[in-house]
2 protein chains.
Amino acid sequence: MHMKTGVEQSVYAVLLLNMLPDKAVLPGEAISQQLKASPTYFQKLLRKLVSAGVIASVPGVKGGFKLNKRAEDITVYDIYLAIEGRQSLYSSSGILGDLLELEKEESCCLLTDLMEEAEVAWKSVMKRETISSLAEKMNEQRFLLKTEALQQWVQRKMVA
Amino acid sequence: MHMKTGVEQSVYAVLLLNMLPDKAVLPGEAISQQLKASPTYFQKLLRKLVSAGVIASVPGVKGGFKLNKRAEDITVYDIYLAIEGRQSLYSSSGILGDLLELEKEESCCLLTDLMEEAEVAWKSVMKRETISSLAEKMNEQRFLLKTEALQQWVQRKMVA
DNA sequence: ATAACGAGGATAAGGAATGTCCGCGTTTAA
DNA sequence: TTAAACGCGGACATTCCTTATCCTCGTTAT
């Protein structure tokens with residue numbers, strides 16, 4: 001049981017897109033190069049983010065990706081949800097129904113409610129942090145110089 | 001990202017062991033039959049529960065498994081931990097270190113603290129429910145007859 | 001028209017979870 | 001003392017999800 005690495009990659013990708021000036025876009029290949037991710041697979045992750053409405057895409061020459069919301073309105077959970085989907089961490093396999101020989105309709109699980117609650121607690125923490133709050137952390141003193149270098153890279157690679 | 005089915009199976013296995021009288025044990029094969037789980041693989045799960053100190057095993061003829069703690073002292077989290085291990089749900093792949101070209105020693109991740117906290121919240125819910133509280137739920141009115149039948153099955157299959 | 005980009009399907013490759021097999025040590029019972 | 005029933009534990013095979021690659025298509029700027 002482990003979170004996909006695509007979630008972490010996506011968060012940093014969105015942080016890169018957050019460095020773009022208005023109207024500018026960043027090609028998918030540039031992003032995947034910077035993240036040292038496999039280009040073709042990473043495009044799939046980007047499209048999941050598009051489907052989820054987190055980022056937007058522009059086709060054609062000089063196309064690419066950009067944010068589709070304000071950075072304050074994108075939570076880590078939004079990105080998690082885009083990549084991992086709605087499937088819950090736990091789902092009963094109906095063992096209790098077998099044990100107690102219940103009819104299928106009244107199949108039941110002693111753990112479902114508890115696990116549901118646990119998952120809500122987990123997700124609620126992820127909803128607290130936003131792209132904008134993460135960007136602030138990246139601008140802390142100790143990272144400042146490196147972050148500025150990254151921003152310059154974005155300036156070079158962006159189009160339009 | 002999904003919880004192993006072994007966790008659910010193990011919870012119900014421990015609930016079965018909870019129906020044993022003192023000093024009695026239940027053979028692993030009987031348990032796996034009742035849970036409709038693959039016998040050899042399920043033995044591996046039982047051994048994980050033994051290693052974790054949740055249950056105890058008795059070798060030899062008339063051997064089997066029994067609880068190693070009081071039902072009130074076994075939480076769902078204990079069983080989760082025994083099966084899934086200590087590996088956390090999220091672990092950074094060090095992308096930020098690459099992005100900012102940090103030295104390896106100062107490698108850093110904007111998400112680790114948040115995810116850690118989320119996981120703590122998640123686990124804390126699992127720590128609330130115990131085998132004894134689950135057993136109570138199984139004795140609710142609507143399950144009472146079926147649960148009694150299950151207890152009789154345990155009486156038949158147990159040894160010593 | 002062509003080249004650069006995203007969209008999306010089909011399909012491998014890898015790795016973790018699950019499942020199987022076999023030999024071992026221990027204990028009970030004949 | 002032998003044999004059978006059980007747990008122990010390692011070495012596999014299988015299955016499934018994630019990751020990765022490839023190829024074709026539609027769109028847009030030059």
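So you know, we letter chains A, B, ... as the sequences are listed, proteins then strands, and number each from 1. The basis for the numbers below is simple: all heavy atoms, side chains too, and nothing from hydrogens, waters or symmetry mates.
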Assign each of A:Gly28 and A:Val61 the nucleotide of DNA chain C bearing its closest heavy atom; nearer the 5' end lies the nucleotide of A:Val61

Toward the 5' end of DNA chain C, which comes first, B:Gln87 or B:Gly60, by nearest nucleotide?
-> B:Gln87

Within the pair B:Ser38 and C:dT20, is there a side-chain N or O less than 4.0 Å away from OP1 or OP2?
-> yes

Rounded interatomic separation in angstrom, taking [atom1] from [X] and [atom2] from [N]:
X	N	atom1	atom2	answer
A:Phe42	D:dT21	CZ	P	14 Å
A:Met3	D:dC17	CE	P	19 Å
A:Lys48	D:dT18	NZ	P	8 Å
B:Leu45	C:dT20	CG	C1'	14 Å
A:Leu26	C:dG6	CG	C1'	14 Å
B:Leu46	D:dC8	CG	P	9 Å
A:Lys62	C:dA4	NZ	P	14 Å
A:Tyr41	C:dG9	OH	C1'	16 Å

Are B:Thr130 and B:Ile74 close enough that some pair of their side-chain heavy atoms sits under 4.5 Å apart?
-> no

Side-chain donor-acceptor pair present, A:Ser32, A:Gln43, cut-off under 3.5 Å | no

Does atom CD of B:Glu29 have more than 12 heavy-atom neighbours, drawn from other residues, nucleotides or ligands, at distances under 6.0 Å?
-> no

What about B:Lys44: does its side chain form a donor-acceptor pair under 3.5 Å with the base of D:dG7?
-> no

If you take atom types as modelled and just measure distance, does the side chain of A:Arg47 reach the base of C:dG6 with a donor-acceptor pair under 3.5 Å?
-> no

Out of [options], which nucleotide sits closest to the side chain of [X]?
X	options	result
B:Thr40	C:dG19, D:dG26, C:dA7	C:dG19
A:Val50	D:dG7, D:dG26, C:dA7	C:dA7
B:Gln43	D:dG26, D:dA20, D:dG7	D:dG7

Quick one: closest heavy-atom pair of A:Met126 and B:Leu114, and the distance?
-> CA-CD2, 4.3 Å

List the atom of B:Ser107, the atom of B:Gly94, and the distance in Å for their closest heavy-atom pair.
-> OG-CA, 4.3 Å

So [X], base contact, sugar-phosphate only, or nothing? Heavy-atom distance under 4.0 Å.
X	result
B:Val58	sugar-phosphate
B:Gly63	sugar-phosphate
B:Ser57	sugar-phosphate

Hey, which sits more toward the 5' end of DNA chain D by its nearest nucleotide, B:Phe65 or A:Lys4?
-> B:Phe65

